[in-house]
Structures are given as structure tokens and as C-alpha cells.
Amino acid sequence: MSATVAFVGLGNIGGRVVAHLVKAGHDVAVFDLNTAAVASAVEAGARPAESAATAAAGAEAIFLSLPTPAIVEAVVGEILPYAGKGAVIVDHSTIDPDTSRTLAATASGVGVSFLDAPVSGGVQGAEAGTLAIMVGGDEAALDKVRPLLDTYAGSVVRVGDSGSGQVVKLANNLITAINIAALGEALTTTVSQGVDLDTAVSVLTRSSANSNVLSNYFPRTLFTAERPTGFALDFMHKDLGLFLASAASGPVPLPLSNAVRDLFSIGRRLGRGGKDFTSVVEFYEDFAGVRLQTEETSK
């Protein structure tokens with residue numbers, strides 16, 4: 001059945017998700033400060049709204065895909081007076097668990113459900129409609145919006161109460177960042193010692209060191225001449241900071257988390273914040289005087 005929904009935040013993920021919702025026959029009102037992004041969504045079949053509040057008015061589900069906790073808080077504050085009772089806010093942003101819990105409690109006070117539902121899979125997953133969504137919040141609210149999520153997700157899993165989706169997403173991003181840093185350190189060392197990169201990658205992707213980053217993401221980003229940006233280094237740096245802040249009061253020591261965040265801080269200091277987050281590996285390339293570009297991707 002067709003639903004009336006709102007979507008606020010039309011970045012790399014949001015814009016592509018809107019296209020899936022429209023294609024599935026839903027009435028989608030969109031808002032973003034980037035007028036070009038709005039125009040693109042409208043061309044795909046969405047209808048423009050003058051503000052986040054007007055987009056949310058009358059919507060059964062309100063989707064957010066925004067860059068920072070502060071912006072999410074501001075937008076939720078703007079839309080709650082216009083959201084109807086029973087509406088569900090689905091926040092695809094990556095923010096801290098405490099902010100998600102606070103927003104869920106605030107929304108509940110006016111009869112609106114709030115789900116923290118960060119995504120993994122990047123631009124490729126959003127394009128293909130195969131995103132992995134980890135959801136924190138009320139199960140009944142998730143059941144309401146699950147048919148909408150299924151239009152662009154390959155996996156939708158409720159991982160616990162409010163904030164739990166963000167806990168899992170921040171863990172996911174930490175693990176990914178550590179993997180990227182470890183691969184950068186190891187591969188640059190390997191190439192600097194005279195081993196051909198294509199040969200090393202061919203062996204490692206068939207060995208216990210293989211990962212999605214090595215076999216899938218690096219060939220489309222780091223190993224290419226262009227090194228396109230799918231997920232900016234600035235955003236990963238932000239997410240690592242959120243992980244460290246949320247875990248700071250716990251009992252677990254965080255030596256790897258702190259070390260990898262420092263490496264991303266260096267990347268930002270060296271002007272790589274707007275580049276893809278795999279560009280953190282250029283820290284090692286600079287020392288070794290090599291570039292990790294495979295013959296396969298240079299053809």
C-alpha cells in the first residue's frame with residue numbers, strides 16, 4: 001500500500017533511498033538545504049517541501065539522514081509540533097546513543113515514535129537497495145515502517161531498545177576504521193619491500209586477512225587512480241569521536257580506538273577531510289613513497 005512519507009537530508013544515502021521509496025509507489029515529500037539535491041529528488045518523483053516541518057506535516061513516517069547529533073536534534077525539534085500522533089521518525093543518521101534515547105523520550109511525550117536506524121553499505125548499498133539497517137526502539141513502531149525500509153534494505157534488524165542501533169553502528173564503523181588502518185599499514189609495508197600489490201591482494205583476499213574492505217571497497221576507492229569519495233574522512237572521524245565519547249564511562253580500555261582516531265585526526269590535519277575515508281592510508285604512502293594502485297583498476 002502507498003504511504004505518505006517525509007525525507008529530510010538528501011546526501012549520498014538519502015537521495016538514493018528516496019528514489020527507492022518513490023519507485024515503490026510512495027508519496028515522498030523531501031527537504032534539504034542543498035537545492036540541487038532537492039531538484040534531483042523531485043526529478044525522481046518526489047515532491048519538494050519548503051521546510052523540514054512542512055515535509056513532516058501529514059506524514060506517516062519521517063525519515064532523517066543528517067550529518068551530526070546537533071542537526072538531528074534541531075530538525076526533530078522543528079518537526080515534532082507538525083508530526084501527527086502515531087507517526088514514526090526513522091533516523092538513519094549516525095549519532096550518539098544518548099542523543100537518540102533523549103529524542104525517543106521527547107517524541108514519545110507527544111505521541112510520536114522515534115527509531116534510531118543507522119545504515120551500513122554506503123553509496124553502493126543505497127544505490128542497489130541492499131543497505132543493512134540496525135534499529136533501536138519500539139518493535140511495534142518498527143513493524144509499522146518495515147515495509148518502507150524493505151524497499152531499500154537487504155537487512156533490517158532490531159538490535160534492542162532506543163540507542164542500541166547507534167551502539168552497533170558506531171562499533172561497525174570503529175571495526176571498519178581499524179581494518180582500513182591495519183590494511184594500509186600492512187599493504188604499504190608489503191609493497192615497499194618489493195612485493196607486487198596485485199599479487200599481495202590476490203593472496204590476501206583468499207587468506208584469513210580478507211575482509212569486505214579489502215575485497216570490495218578498496219578496489220573501488222583506494223586502489224584506483226581517481227579515489228572517489230563514497231564516505232568522507234571527516235564523517236568517519238566524527239563517528240570515531242562519538243564511539244569514544246559514548247564508551248568513555250565504561251570499563252573497557254580503548255587503545256585501538258584512540259590510536260585509529262588519532263590517525264584520522266592526522267588525515268584531517270593534512271587536508272584529507274573531504275576525501276574518502278580510505279585516504280587515511282595516504283599517511284603510510286607518504287612515508288614509503290609508494291601508491292597503492294593495482295594494475296586491475298588502472299586498466
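Note that this is a predicted model, so its numbers are computed, not measured.
- Here the options are Asp276, Thr278, Asn179, the test is side-chain hydrogen bond (donor to acceptor under 3.5 Å, both in side chains), and the partner is Tyr217; only Asp276 passes.
- Taken to the nearest 0.5 Å, the CG atom of Asp96 stands 12.5 Å off from the CG atom of Leu244.
- When the side chain to side chain contact (heavy atoms under 4.5 Å, CB included) test is applied to Ser51, the partners found at least two apart in sequence or on another chain are Ala53, Thr54, Glu78.
- Separation of atoms CZ (Phe218) and CG (Asn212) is listed at 11.0 Å; rounding is to 0.5 Å.
- To the nearest 0.5 Å, atom CG of residue Leu10 and atom OG1 of residue Thr35 are 11.0 Å apart.
- Between the side chain of Lys144 and the backbone N or O of Ala87, no donor-acceptor pair lies under 3.5 Å.
- The residues Glu282 and Lys275 are annotated as salt-bridged, a charged nitrogen and a carboxylate oxygen being separated by less than 4.0 angstrom.
- Two residues are said to be in side-chain contact when any heavy atoms from C-beta on lie closer than 4.5 Å; Leu197 and Gln293 fail this criterion.
- Looking at Leu170 and Thr94, their side chains come closer than 4.5 Å, going by heavy atoms from C-beta outward.
- Under a 3.5 Å cut-off, the side chain of Arg227 and the backbone N or O of Phe223 do not form any donor-acceptor pair.
- Hydrophobic clustering (ILVMFWY, side-chain heavy atoms < 4.5 Å, transitive): Leu80 and Leu103 are in one cluster.
- A donor-acceptor distance shorter than 3.5 angstrom exists from the side chain of Thr205 to the backbone of Val201, with no hydrogens or angles considered.
- Within the 4.5 Å cutoff, no side-chain heavy atoms of Thr151 are placed close to those of Lys23.
- Pairing each heavy atom of Gly273 with each of Ala232, the nearest pair is O-CB, 3.7 Å.
- Within the 4.5 Å cutoff, the side chain of Val22 has no heavy atoms near those of the Phe7 side chain.
- Contact detail for Ala55 and Ala6: the closest heavy-atom pair is O-CB, 3.2 Å.
- A donor-acceptor pair is defined here as one N or O able to donate and one able to accept, closer than 3.5 Å; such a pair exists between the side chain of His26 and the backbone of Ala3.
- The aromatic rings of Tyr152 and His92 sit perpendicular, their planes meeting at an angle over 60°, well past the 30° parallel limit.
- No side-chain donor-acceptor contact under 3.5 Å links Asp27 to the backbone of Thr4.
- Side-chain atoms of Ile71 and Ile95, non-hydrogen and from C-beta on, never get closer than 4.5 Å to each other.
- The hydrophobic cluster containing Val195 does not contain Val281, counting ILVMFWY residues as joined when their side-chain heavy atoms lie under 4.5 angstrom apart, directly or transitively.
- Rounded to the nearest 0.5 Å, atoms OG (Ser257) and CG (Leu240) are 8.0 Å apart.
- Thr199 OG1 to Glu295 CD: the interatomic distance, rounded to the nearest 0.5 Å, is 10.0 Å.
- Side-chain contact between Val168 and Ser164 is absent, with no heavy atoms from C-beta onward closer than 4.5 Å.
- For the salt bridge (charged side-chain N to carboxylate O under 4.0 Å, His left out) condition, the pairs that include at least one residue of residues 120-132, sequence neighbours left out, are Arg16-Glu127.
- A side-chain contact (heavy atoms from CB on, under 4.5 Å) with Val280 is found for one member of Ile180, Leu222, Ile266 and no other, namely Ile180.
- A distance-only check finds no donor-acceptor pair linking the side chain of Ser40 to the backbone of Ala36 [under 3.5 Å].
- For His20 (side chain) and Ala126 (main-chain N/O), a donor-acceptor pair under 3.5 Å exists by modelled atom type.
- For Gln193 (side chain) and Thr188 (main-chain N/O), no donor-acceptor pair under 3.5 Å exists by modelled atom type.
- Side-chain N or O atoms of Glu60 include none that pairs as donor or acceptor with a backbone N or O of Val5 at under 3.5 Å.
- In this structure, Val159 and Val135 have side chains that are not in contact, with every pair of non-hydrogen atoms separated by 4.5 Å or more.
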* To do: Decide yes or no on side chain to side chain contact (heavy atoms under 4.5 Å, CB included) for Ser100 and Phe114, but give the supporting numbers first.
  => CA-CA 8 Å; Ser100 289; Phe114 180 95; 4.3 Å; yes

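- Pro147 is linked by a side chain to side chain contact (heavy atoms under 4.5 Å, CB included) to nothing, counting only residues two or more places apart in sequence or in another chain.
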* **Full working for side chain to side chain contact (heavy atoms under 4.5 Å, CB included) between Val8 and Phe63** => CA-CA 6 Å; Val8 181; Phe63 295 87; over 6 Å; no

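- For the pair Leu204 and Thr190, the minimum side-chain heavy-atom distance is 4.5 Å or more.
- When every heavy atom of Val290 is checked against every heavy atom of Glu285, the shortest pair comes out as O-CB, 3.1 Å.
- At a threshold of 4.5 Å between side-chain heavy atoms, the hydrophobic network of Ile, Leu, Val, Met, Phe, Trp and Tyr places Ile13 and Val90 in one connected group.
- Remark: the backbone N or O of Gly165 is paired with a side-chain donor or acceptor of Asp116 at under 3.5 angstrom.
- The two residues Ala46 and Val18 make their nearest non-hydrogen contact at CB-CG1, 4.0 Å.
- In the hydrophobic clustering of ILVMFWY residues, with side-chain heavy atoms under 4.5 Å counting as a link, Leu214 and Leu263 come out together.
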* Asked: salt bridge (Lys or Arg N to Asp or Glu O under 4.0 Å) between Asp91 and Arg101: does it pass, once the steps are laid out?
  -> CA-CA 12 Å; Asp91 183 23; Arg101 295 182 187 112; over 6 Å; no

* Check against side chain to side chain donor-acceptor pair (under 3.5 Å), Arg206 and Ser202 -> CA-CA 7 Å; Arg206 292 170 173 80; Ser202 178; 3.0 Å; yes

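- Residues Ala61 and Val145 approach most closely at CB-CG1, 4.0 Å, considering heavy atoms.
- Classified by interplanar angle (parallel below 30°, tilted 30° to 60°, perpendicular above 60°), the ring pair Phe287/Phe283 is perpendicular.
- Under a hydrophobic-cluster definition in which Ile, Leu, Val, Met, Phe, Trp and Tyr are linked whenever side-chain heavy atoms come within less than 4.5 Å, directly or via other members, Val75 and Tyr82 are assigned to different clusters.
- A pairwise comparison of heavy atoms in Met134 and Val119 identifies CE-C, 4.4 Å as the closest pair.
- A salt bridge is absent between Asp262 and Arg268; no separation between the charged side-chain nitrogens and carboxylate oxygens falls under 4.0 Å.
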* Show your working on side chain to side chain contact (heavy atoms under 4.5 Å, CB included) between Ser211 and Leu183 and close with a plain yes or no. => CA-CA 10 Å; Ser211 66; Leu183 285 167; 4.0 Å; yes

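- The structure places CD1 of Ile178 at 11.0 Å from CG of Asn173, a figure rounded to the nearest 0.5 Å.
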* To do: Please test Leu242 against Ser246 for side chain to side chain contact (heavy atoms under 4.5 Å, CB included), starting from the C-alpha separation and ending with a verdict.
  => CA-CA 6 Å; Leu242 292 175; Ser246 66; 5.9 Å; no

